[in-house]
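Here's the structure we're looking at; comments come further down.
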Amino acid sequence: MDEYAGSGMKTLAELSDRQEIHDLVLRYCSAVDRADYPAVRDVYARDGVDHHTGFSGTADDYVHWLRERTSVFDGTMHLIGNHRVELFVDHAYAETYGTAVHWGTPSDDEARNFTSGFRYLDHVRRDSDGWRIVERTAVREWTRSDAGRLREPEGHGPRGRRDVHDPSTALRERVRQAAVIHPSQKGIR
């Protein structure tokens, strides 16, 4: 049972923990979509394990497997929906619903063009590095073929990339530079 469930009131510490755990899940998804495998590894505890369709083992082995498995795709996009956390001091259970879109070449290859619905069942733990995944079970709920359905963009514009040349990298750096050049002043909006 959620240790905080009986109180009805959420403390700032509990809200912070829940937000940090949610952010952990989002960081994982972004890292997979950008093919940033060191960042994927960073969301797992040192002794972390993962259970995915076609894989079960250590986090280190999972990252190696994931790199090989996702290299056949031109891109992926993980979308997160329902997210629930039960806190137990420095441990938590998190259940996250999501959808993962995968696309690749050739566009009519069902193994490279599909969407799946999933749930992440996570045991997370707060340790010296913050909240990290100790054990993840990725439950595949359904898969749909998207073969032959991909369309070319209707015009010119930014395109997502699975490397450091993704538009997010340049914008993030511009925001960091703006913060250095024009630091915020407390109380001014």
Side-chain angles (χ1 to χ4, degrees), residues 21-81 83 94-124 129-174 176:
I21 293 166
H22 187 247
D23 186 59
L24 181 73
V25 173
L26 298 179
R27 286 190 354 248
Y28 168 85
C29 293
S30 180
V32 171
D33 293 343
R34 300 286 62 85
D36 184 349
Y37 301 102
V40 171
R41 180 58 183 96
D42 189 54
V43 303
Y44 287 88
R46 290 182 184 103
D47 58 343
V49 295
D50 191 287
H51 313 286
H52 258 72
T53 301
F55 176 86
S56 186
T58 69
D60 290 327
D61 290 342
Y62 171 67
V63 171
H64 177 76
W65 176 84
L66 182 67
R67 180 188 300 266
E68 288 181 358
R69 176 74 176 103
T70 58
S71 68
V72 302
F73 300 116
D74 295 337
T76 62
M77 184 174 285
H78 289 71
L79 307 169
I80 296 304
H83 177 76
E95 181 178 29
T96 308
Y97 286 57
T99 306
V101 182
H102 307 74
W103 64 93
T105 307
S107 63
D108 61 349
D109 182 346
E110 288 190 3
R112 294 183 183 181
N113 295 276
F114 63 92
T115 300
S116 59
F118 63 85
R119 286 182 297 134
Y120 293 142
L121 307 178
D122 292 330
H123 170 190
V124 295
D129 296 323
W131 288 100
R132 295 293 186 266
I133 299 168
V134 176
E135 182 176 11
R136 165 168 282 174
T137 300
V139 177
R140 178 87 57 98
E141 296 288 349
W142 53 267
T143 300
R144 168 187 74 214
S145 171
D146 294 330
R149 298 179 66 189
L150 190 64
R151 293 181 37 200
E152 288 297 317
E154 50 282 342
H156 295 289
R159 302 287 181 262
R161 303 240 340 212
R162 299 188 80 212
D163 57 26
V164 298
H165 301 291
D166 183 74
S168 64
T169 305
L171 180 58
R172 184 180 297 114
E173 185 56 30
R174 288 195 303 272
R176 285 184 186 144

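- Annotation: side chain to side chain contact (heavy atoms under 4.5 Å, CB included) contacts of Ala170 (sequence neighbours excluded): Arg174.
- Contact between Val32 and Arg162 at its shortest, heavy atoms only, is O-NH2, 3.3 Å.
- Listed by chain and residue number, Glu173 satisfy the salt bridge (Lys or Arg N to Asp or Glu O under 4.0 Å) test with Arg176 (two or more places apart in sequence, or in another chain).
- Tyr37 pairs by the ring pair (Phe, Tyr, Trp, His ring centres under 6.0 Å) definition with nothing, not counting sequence neighbours.
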Please table the atom pairs, donor to acceptor, closer than 3.5 Å between any side-chain atom in residues 129-136 and protein atoms at least two apart or in another chain.
unit_1: Asp129; atom_1: OD2; unit_2: Arg46; atom_2: NH2; d: 3.1
unit_1: Trp131; atom_1: NE1; unit_2: Asp17; atom_2: OD1; d: 3.4
unit_1: Arg132; atom_1: NE; unit_2: Asp42; atom_2: O; d: 2.7
unit_1: Arg132; atom_1: NH1; unit_2: Asp129; atom_2: O; d: 3.1
unit_1: Arg132; atom_1: NH2; unit_2: Asp129; atom_2: O; d: 3.0
unit_1: Glu135; atom_1: OE2; unit_2: His51; atom_2: NE2; d: 2.8
unit_1: Arg136; atom_1: NE; unit_2: Asp122; atom_2: OD1; d: 2.7
unit_1: Arg136; atom_1: NH2; unit_2: Asp122; atom_2: OD2; d: 2.8

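- Remark: Arg27 engages Asp23 in a salt bridge, criterion side-chain N to carboxylate O under 4.0 Å.
- The OG atom of Ser168 sits 11.5 Å away from the CZ atom of Arg161 when rounded to the nearest 0.5 Å.
- Sorted by first then second residue, the salt bridge (Lys or Arg N to Asp or Glu O under 4.0 Å) pairs that include residues 53-73, not counting sequence neighbours, are Arg41-Asp60.
- The number of heavy-atom neighbours closer than 6.0 Å to NE2 of His64, taken from other residues, nucleotides and ligands shown, is 12 or below.
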For side chain to side chain contact (heavy atoms under 4.5 Å, CB included), just list the numbers for Phe73 and Asp33, CA-CA rounded to whole Å, side-chain angles, deciding distance to a tenth of an Å, and then say yes or no. CA-CA 10 Å; Phe73 300 116; Asp33 293 343; over 6 Å; no
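- Ring geometry, Tyr62 versus Phe55: the interplanar angle falls from 30° to 60°, so the pair is classed tilted.
- Val40 and Tyr28 get closest at one heavy-atom pair: CG1-CE1, 3.9 Å.
- The shortest non-hydrogen separation linking Pro167 to Gly160 is CD-CA, 4.4 Å.
- Of the possible donor and acceptor atoms, none in the side chain of Asp109 sits under 3.5 Å from a partner among the backbone N and O of Gly104.
- Residue Ser107 comes nearest to Asn113 through the heavy atom pair O-ND2, 3.4 Å, listed as atom of the first residue, atom of the second, then distance.
- Remark: His83 pairs with His22 by the ring pair (Phe, Tyr, Trp, His ring centres under 6.0 Å) rule, at least two apart or across chains.
- Residues that satisfy the side chain to side chain donor-acceptor pair (under 3.5 Å) test with Asp36, not counting sequence neighbours, are absent from this structure.
- Residues forming a salt bridge (Lys or Arg N to Asp or Glu O under 4.0 Å) with Arg119 (at least two apart in sequence, or on another chain): Glu95, Glu141.
- In this view, Asp50 satisfies the salt bridge (Lys or Arg N to Asp or Glu O under 4.0 Å) rule with no residue, not counting sequence neighbours.
- Checked against salt bridge (Lys or Arg N to Asp or Glu O under 4.0 Å), Asp47 has the following partners two or more places apart in sequence or in another chain: Arg125.
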Residues His102, Thr70; criterion side chain to side chain contact (heavy atoms under 4.5 Å, CB included); working and verdict: CA-CA 9 Å; His102 307 74; Thr70 58; over 6 Å; no
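- Contacts of Phe118 classified as ring pair (Phe, Tyr, Trp, His ring centres under 6.0 Å), with partners at least two apart in sequence or in another chain: Tyr120.
- Closest heavy-atom contact between Ala147 and Ser145: N-OG, 3.2 Å.
- Remark: His123 engages His91 in a ring pair (Phe, Tyr, Trp, His ring centres under 6.0 Å) (not counting sequence neighbours).
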Ile80 and Tyr97: side chain to side chain contact (heavy atoms under 4.5 Å, CB included), yes or no, with the steps? CA-CA 6 Å; Ile80 296 304; Tyr97 286 57; over 6 Å; no
